**Q** 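I'd like to ask you about the structure that follows.
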Amino acid sequence: HSLDASCLVLGLKQFSESFSTVHDAVYTYAGACMDEILANLKQAYVDTVSFDIWTEFLTANGLEVSPDNAAPIVGNLDLNRVLDSDYIFA
């Protein structure tokens, strides 16, 4: 849920139209603004999931970043492909 919230905050902070949210859903009037909100949310998703939260967590808690406490394995998806996709959420 925290990543969903991060995506929404980042994606909507520059959105120029009126909107409302309920949990992890966004409501706005359909129309030309849909392209803007979709682009904003895609970029926010890429920014959110690209952030190295593991290193940030270790550093914030005074823990050493070392091979002994390496980050979990991540895949090789090119997250920038999300920017060209038709959809970003299921």
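Note that the structure is a prediction, hence the values are computed from the model and not measured.
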**Q** Just how far is it from atom CG of D47 to atom NZ of K42, taken to the nearest 0.5 Å?
**A**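 Interatomic distance, D47 CG to K42 NZ, rounded to 0.5 Å: 14.0 Å.
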
**Q** I'd like to check the side chain to side chain donor-acceptor pair (under 3.5 Å) partners of E36; sequence neighbours left out, ordered by chain and number.
**A** S16

**Q** Taking side-chain contact (heavy atoms from CB on, under 4.5 Å) as the test, write out the residues that go with S20, two or more places apart.
**A**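 Scan of S20 (side-chain contact (heavy atoms from CB on, under 4.5 Å), adjacent residues dropped) gives Y27.
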
**Q** List for me each residue that meets side chain to side chain donor-acceptor pair (under 3.5 Å) alongside T59, sequence neighbours excluded, and say none if there are none.
**A**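 Checked T59 against side chain to side chain donor-acceptor pair (under 3.5 Å); zero matches.
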
**Q** Tell me, please, which residues at least two apart from N61 pass side-chain contact (heavy atoms from CB on, under 4.5 Å).
**A** F57, L63

**Q** Of the non-hydrogen atoms in C7 and Y45, which two are nearest, and what is the gap between them?
**A** SG-CA, 3.6 Å

**Q** Could you give the side-chain donor-acceptor pairs of residues 8-15 under 3.5 Å, partners two or more places apart or in another chain?
**A**
none

**Q** Report the C-alpha separation of E64 and L58 in whole Å, then their side-chain angles, then the decisive distance to 0.1 Å, and conclude whether the side-chain contact (heavy atoms from CB on, under 4.5 Å) test is met.
**A** CA-CA 7 Å; E64 182 182 346; L58 293 175; over 6 Å; no

**Q** Enumerate the residue pairs fulfilling side-chain hydrogen bond (donor to acceptor under 3.5 Å, both in side chains) with a member in residues 74-86, sequence neighbours excluded, ordered by first and then second residue.
**A** none

**Q** For I53, which fellow cluster members are found when Ile, Leu, Val, Met, Phe, Trp and Tyr are connected by side-chain heavy-atom distances below 4.5 angstrom, either directly or through intermediates?
**A**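 For the cluster that includes I53, the remaining residues are F51.
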
**Q** Got a sec, which residues hit side-chain contact (heavy atoms from CB on, under 4.5 Å) with S18, two or more places apart in sequence or on another chain?
**A**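 S18 satisfies side-chain contact (heavy atoms from CB on, under 4.5 Å) with no other residue.
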
